[in-house]
Amino acid sequence: MTEQVAQAETTGQGATTPPFRYTPELANTIELAWQERWQAEGTFEAPNPVGDLSERTEGAQVPGESFFVMDMFPYPSGKGLHVGHPLGYIATDVTGRFERMRGKNVLHALGYDAFGLPAEQYAVQTGQHPAITTDENIAVMRGQLRRLGLGHDDRRSFATTDPEFVRWTQWIFLQIFHSWFDPSATAPDGSAGAARPVAELVATFASGERDLPEPHLGRAWSDLSPREREDVLAGYRLAFVADVPVNWCPGLGTVLANEEVTADGRSERGNFPVFKRNLRQWVMRITSYADRLVADLDELEWPEKVKIMQRHWIGRSEGAHVDFAVDGASEPLTVFTTRPDTLFGATYAVVAPEHPLVDELLSAPTAAGWGEDVPSSWTGDAATPAEAVRAYVAAAAAKTPEERQADAGAKTGVFTGGYAVNPVDGEALPIFVADYVLMGYGTGAIMAVPGHDQRDHAFATAYDLPIREVVSGAPDGVADAAWTGDGVAVHSANAEVSLDGLPVAEAKRVIIAWLQEKGAGRGTTTYRLRDWLFSRQRYWGEPFPVVYDVEDGRVVPVPESMLPVALPEVADFSPRTFDVDDADSDPESPLSRATEWATVELDLGEGVRTYRRDTNTMPNWAGSCWYYLRYLDPTNADVAVAPELERYWMSPQPDGPRGTTGGVDLYVGGVEHAVLHLLYSRFWHKVLFDLGVVSSREPFHKLFNQGYIQAYAYTDARGVYVPAEEVVEVAGTGGAEPTFTWNGESVNREYGKMGKSLKNMVTPDDMYASYGADTFRVYEMSMGPLDQSRAWETRAVVGAQRFLQRLWRTIVDETTGEVVVADGAGALETRRAVARTVADVTVEYAAMRPNTAIAKLITLTNHLTAAPEVPREAAEALVLMTAPVAPHIAEELWQRLGHTSSLTHHPFPVADPELLVEDTVTCIVQVAGKVRDRLEVDPSIEADALEALALATEGVQRTLQGAPPRKVIVRAPRLVNIVP
RNA sequence: GCGCGAGUGGCGGAAUUGGCAGACGCGCAGGAUUUAGGUUCCUGUGUCUUCGGGCGUGCGGGUUCAAGUCCCGCCUCGCGCACCA
């Protein structure tokens, strides 16, 4: 008790504070006690239908309706949380607690995505093993979050770095490795194309049913060496090793996925230059799933914005490949176009500077000198095409990414001297090399149709190339601007085929059919999506569960019995980094220096042989690709997840909340993971689905992106940040903007992130100490819609505190500590108010709008505060409804109201429908659309009677001044509008 | 440039099958309690007003008895993509 008094004095609670007021000190006492009790009683433990985590009671059954709610799991950074971090966790907790009270079996847990760079970099600096750093950080973060009172099932928490978790990550990797994508297979959901075991593929090769691909065509499977066989299979496996062009970043000492490289060719993290290199790396064949990844987006309850971002990322594009014969080249030039219907309008062709044809044309006779009639603008002022092309290609390669960005739009290029023959009319089209064509998309070559493509039009205008109209529809022709809209084909016929008069879609079909017949082209679909580079030259990640034969270099998977493959202890955790511009350097991972670990003698069924381990590790995405499955069955030592548990928590419900896809019921996180994490997870999940490991075809059925909490920061005249909490706001006079001062000095206000360096950081611990967790939770939930970003304002937190104090006071006498509720249901007016609130709050919670739910709870609380007495029925309903947002105070009040067990699983109140029907309703009486009077009327009043009443009102009489109404609109019983 | 989203009091926001604009909270003003400050409580608070009412949801048009909400055209801000053939 003495301690409480001492605290009270330091926090400004004077001697006059009533002894039983809901003060921050009391809130803290209540909160800590209930957190203890929840833990002791295992209140939030969600029973599984079978296995270790099922209910031990004989004959106990789990609820039929399950609700799996998840947060995007955090990286335990060690920098400490600020008040913005828990926003999503509170939101999922509120929803989880609400659904629990609605009788569902709610699974809510939080794990840690603990592999990654910060721990590794800390290890590099200090020599401390990243595992130690990670464990410490997780412990700190668990403590901070526990104080929030989140209803998590702690038995299901884990870190991706736990050996047991790594084991199953590696196991899934092996499943993917042992699978190939059979385009002729049917997936369990009926999709065309599915993952099948590689063993099936091998059987078809062995039996001769399937021909071997180049360069082994015509040979027998049994004649191939083990290495040759593995090389063949690498062309099929969903996870394979290949020499691939990768993004080598010398500054970081690692290669990066395309997605980790910015549009201007630098590393997303660190902003270092990135170079293209060919390296032997793991690749995941995600492109095989491109179609299904696009198609199934339609079935998901995701924000449209995220679906659009994924569709764009995959970049599915239907069109055609068309072959143009080229004089002096060994192979025809194949271009990709989405507009084969405009083939007759092609007037030149363009290849990217990196296109292989460029080299070939350099040695062709046509490159030795400019032909007659070649305009000077095509030559780049060079003596020969060879010279012009060399100079142009060199200049393009030397362009910095910034310059490339800046030049986008301005079209440059040179004529190669070569000509491509248009298969539809035999016309020889000059071939240009120009950097507006990208090697990384389609075939790196295009047919240019300036009449119907803006970029081609700009280039044609700059280089005096002909522009032809082959699709009608442009109001002013195509001389000044390309026409990309609809229309019918014109001037598009040869002796065998005519597109003239056909609309675009029809023309495409006809010309593709003709090209196919002639062997000059074929319909095709391309994607922007690339296969996923899956190796990193890092220490703190999952090792690959494979070894390489030292003699032939072939990859051999480690048997499942040997999982997990653990990381070795090393002296130095850093990859070798290089000068940021050293493009010729070679990656050297930390694991490659662990020589004892890297070379092993194993018997993998071929007798004891010497193998070399893979010294790369998996990227950070690996663990987050499947962690949701492990929440379901975290202790299972036999399988990654028991099929029965996956079905219980995630299976599709064609007519239910999980739809046709199945998956997590609710997944909440920031929009920054819109593409990468969510796309990779979907890919892995679909592979597991095809293999029968899971019954759901998508991992996350409903996705919700929460907004961010932002904050003001203040800089003084020198631009140095000053402590935001010491800044004083000075109201502007005469409507002027307010100004801000710090120590009397005028300071400038900025809006943005919260952080230590900006001196505007507010932590959850600050909030617990000053207000308690419940007040903090209510404030965060009442700030505004969950999906919007908003500004943190510490001084506004008091509003949430006052609400909880009033709630407390409606039930507990502040001076005596007695429960003051009156027995019974209370006055009709109060019962109606309660019923109305129950109905509204249920809707708001269910729609994830805690802000409006809280507003209605405050309204009811204010109503009860003003009432002469608080009936028990109202008090109990209010407490139960408040529980999702402020669980500790709700539990405490619930107990004081005489209940002995936690309200966590108590049914959420249901409104009596009879109380929702009003005795009278307020009818709005308008004249010319403006409210002039109001009437209290019977809800079942007839239109005629209401009209008569309305016309007689004082407001109407005064406004009409005796003028007769021209028209009266009656919407009984709510509204009458009189048109004068 | 293309795509998506958003503009409502001093501030955060509420209200869209079209039907009382500003719920709820902060702030502010006045009052009660207190030695005082703070806390807590009560009342008021879009704006102008001749107290009848007028005006008001980024701007300009339109549809309608009635528009924050629907339609057309702009402006501003935020986000995503960025020569994707």
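In what follows, chains are A, B, ... by sequence order, proteins preceding strands, each numbered from 1. Because the structure is a prediction, the values reported are computed rather than measured.
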At 4.0 Å (heavy atoms only), tell me whether [X] reaches a base, stays on the sugar-phosphate, or touches nothing.
| X | result |
| --- | --- |
| A/Arg932 | sugar-phosphate |
| A/Ser317 | sugar-phosphate |
| A/Arg311 | nothing |
| A/Gln805 | sugar-phosphate |

Margin query: Side-chain N or O of A/Lys967 versus OP1/OP2 of B/C65: is the shortest distance under 4.0 Å?
Written below: yes
Checklist line | A/Lys411 to A/Tyr436, cation-pi by 6.0 Å centre distance and 45° axis angle | finding: yes
Item checked: Whichever of A/Val671 and A/Arg849 has its nearest RNA chain B nucleotide further upstream toward 5' -> A/Arg849
Note to self: I want to confirm an ordering. Mapping A/Met783 and A/Thr337 to their closest nucleotides on RNA chain B, which one lands closer to the 5' end?
What the structure shows: A/Met783
Closest nucleotide among [options] to the [X] side chain:
| X | options | value |
| --- | --- | --- |
| A/Lys305 | B/C83, B/A85, B/C79 | B/C79 |
| A/Ile308 | B/C4, B/G52, B/A82 | B/C4 |
| A/Gln801 | B/U40, B/C83, B/C81 | B/U40 |
| A/Arg958 | B/G13, B/G53, B/A85 | B/G53 |

Do [X] and [Y] get their side chains close enough for a donor-acceptor pair, meaning under 3.5 Å?
| X | Y | value |
| --- | --- | --- |
| A/Thr852 | A/Glu844 | yes |
| A/Asn760 | A/Tyr714 | no |
| A/Glu672 | A/Tyr708 | yes |
| A/Ser782 | A/Asn851 | no |

Starting from [atom2] on [N], measure out to [atom1] on [X] and report it in whole angstrom.
| X | N | atom1 | atom2 | answer |
| --- | --- | --- | --- | --- |
| A/Arg809 | B/U39 | CZ | C1' | 11 Å |
| A/Asp787 | B/G5 | CG | P | 13 Å |
| A/Trp792 | B/G13 | CH2 | C1' | 16 Å |
| A/Ile431 | B/A85 | CD1 | P | 22 Å |
| A/Arg21 | B/U33 | CZ | C1' | 11 Å |
| A/Asn705 | B/G5 | CG | P | 14 Å |
| A/Tyr441 | B/A82 | OH | P | 13 Å |
| A/Gln710 | B/G78 | CD | P | 12 Å |

Margin query: Please classify B/G12 as syn or anti, treating any glycosidic angle within 90° of 0 as syn.
Written below: anti
Next item on the list: Pull up the glycosidic torsion of B/G52 and say syn or anti, syn being anything within 90° of 0.
Entry: syn
Margin query: Using a 4.0 Å heavy-atom cut-off to protein, can you give one letter per nucleotide of nucleotides 18-26 of chain B, 5' to 3': B if the base is in contact, S if only the sugar-phosphate is, - if neither?
Written below: -BB--BSSS
Next item on the list: Using a 4.0 Å heavy-atom cut-off, write out nucleotides 43-49 of chain B from 5' to 3' as B (base contacted by protein), S (sugar-phosphate only) or - (no contact).
Entry: -------
Distance, [atom1] atom - from [M] to [N], rounded to whole angstrom:
| N | M | atom1 | result |
| --- | --- | --- | --- |
| B/U39 | B/C75 | P | 48 Å |
| B/C24 | B/G46 | P | 12 Å |
| B/G27 | B/G18 | C1' | 34 Å |
| B/G54 | B/A6 | P | 33 Å |
| B/U47 | B/A21 | C1' | 14 Å |
| B/C77 | B/C70 | P | 24 Å |
| B/U16 | B/U57 | C1' | 13 Å |
| B/U76 | B/G10 | P | 23 Å |

Margin query: If you count every heavy atom of other residues, nucleotides or ligands that lies below 6.0 Å from A/Glu725 atom CD, does the total exceed 12?
Written below: no
Item checked: Neighbour count >12 (heavy atoms, 6.0 Å) for atom CG, A/Asp480 -> no
Write down the partner of [N] under the Watson-Crick or G-U wobble criteria, each distance required to be under 3.5 Å.
| N | value |
| --- | --- |
| B/A32 | B/U40 |
| B/C59 | B/G73 |
| B/G68 | none |
| B/C20 | none |
| B/G27 | B/U45 |
| B/G80 | B/C2 |

Note to self: Donor-acceptor pair, distance only, cut-off 3.5 Å: does the side chain of A/His321 make one with the backbone of A/Val335?
What the structure shows: no
Notebook entry, point to check: Is a donor on one side and an acceptor on the other found under 3.5 Å between the side chain of A/Thr443 and the backbone of A/Thr334?
Noted result: yes
Measure from the ring center of [X] to the ring center of [Y] and say whether it is less than 6.0 Å.
| X | Y | answer |
| --- | --- | --- |
| A/Tyr712 | A/Phe740 | no |
| A/Phe803 | A/Trp808 | no |
| A/Tyr463 | A/Tyr348 | no |

Item checked: A/Leu679 and A/Gln310, any side-chain heavy atoms less than 4.5 Å apart -> yes
